[in-house]
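Here is the structure we will look at, set down as structure tokens.
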Amino acid sequence: MQIFTTVADFRAWRKQAGFVAFVPTMGNLHEGHLSLCDAAKARGGKVVVSIFVNPLQFGQGEDFNTYPRTFEDDCAKLAAVGVDAVFHPTVEQLYPRTEQQYKVEPPAIQNELCGQFRPGHFRGVATVVTKLFNIVQPDAAMFGKKDYQQLKVIEGMVADLDMPIEIVPVDTGRAADGLALSSRNGFLTEAERAEAPRLYRNLIAIKAALEAGATDFVKLTETARADLENHGWRVDYVEIRDQQRLEHARPGDREVVILAAARLGKPRLIDNLEVNL
Ligand code: PAF
């Protein structure tokens, strides 16, 4: 496995790499990331993983400085699953002139759901992913469905800006008790970790109700919010949206997704569940 820390060195390798499937990450890799690598590997070409904690997508007071950086461990895991190349630039490599950085501006969806609580986050994601796409020049790129809004922002960006890249959604990896795998789970105390699957259980309860014909979306989401708050969570949102455009779902919509974000102790956890009625 080759490791590149500069854009120039990576570009030289890319010239002879042929078909590339790309997995962008911020490191601290878990099974969820490795399943993205498996999906990339299944494409038959070379697999490139980027590891870069992107300052542009963290707001003031968010966890950029404390975000876990575990590069050696990450590389061991990536080598074991047969990744061909790792791109691991410094902040200075990717943002040599922070003051005048051009940015990629997603449409209004960037201010809803997680965007409402993390102003500028999706602009930071769209900008770094564009830069990584321009450097890596992938044929396909893998994105986890766990970050559902991120996946939709990237799908929209690639379509609207004519980027010749296939975006491949990959199902959320889960622990045996249902908790969605996330780098931030490591910040949960033992008691919080035991409580954490409640988020997914509430999504499952809403899904079951929708499948049984429930149409009062406000009641369903408020019930979930109350259950979480009664157990010590601070809830940002629980919402039901349509899968394609993430607009508020309406009774009669057939492809919806239930999305939730809430804080349990320090970490903020997100999860979602698609429902096809
Ligand atoms: O999902 C992530 O880990 C990040 O948002 C991404 C796509 C690597 C961009 O920094």
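Given the structure is predicted, the values throughout are model-derived calculations rather than measurements. Counting starts at 1 for both ligands and their atoms, following the listed order.
- The ligand atoms of ligand 1 that sit less than 4.0 angstrom from a heavy atom of V128 are 9 (C), 10 (O).
- A parallel orientation is assigned to the rings of F71 and H88, their planes being inclined by less than 30° (bins at 30° and 60°).
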Checklist line | Criterion side-chain hydrogen bond (donor to acceptor under 3.5 Å, both in side chains) on E112 and Q149, from CA distance to verdict | finding: CA-CA 9 Å; E112 298 187 31; Q149 189 177 8; over 6 Å; no
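- Using cut-offs of 30° and 60° for the angle between ring planes, the F52 and Y95 rings count as tilted.
- Atom numbering of ligand 1 starts at 1 in the shown order; those under 4.0 Å from a heavy atom of T25 are 8 (C).
- Between D63 and R184 there is a salt bridge, since at least one side-chain N of the basic residue sits less than 4.0 Å from a carboxylate O of the acidic one.
- Taking all heavy atoms of H121, Q57, M26 into account, the minimum distance to atom 9 (C) of ligand 1 is reached by Q57.
- A 4.5 Å side-chain heavy-atom check between H33 and S183 finds at least one atom pair inside the cut-off.
- Listed by number with element, the atoms of ligand 1 under 4.0 angstrom from any heavy atom of P24 are 8 (C).
- Counting heavy atoms under 4.0 Å from ligand 1, residue L132 does not touch it at all.
- What sits closest to atom 2 (C) of ligand 1 on the protein, heavy atoms only, is Q150 NE2, 3.8 Å.
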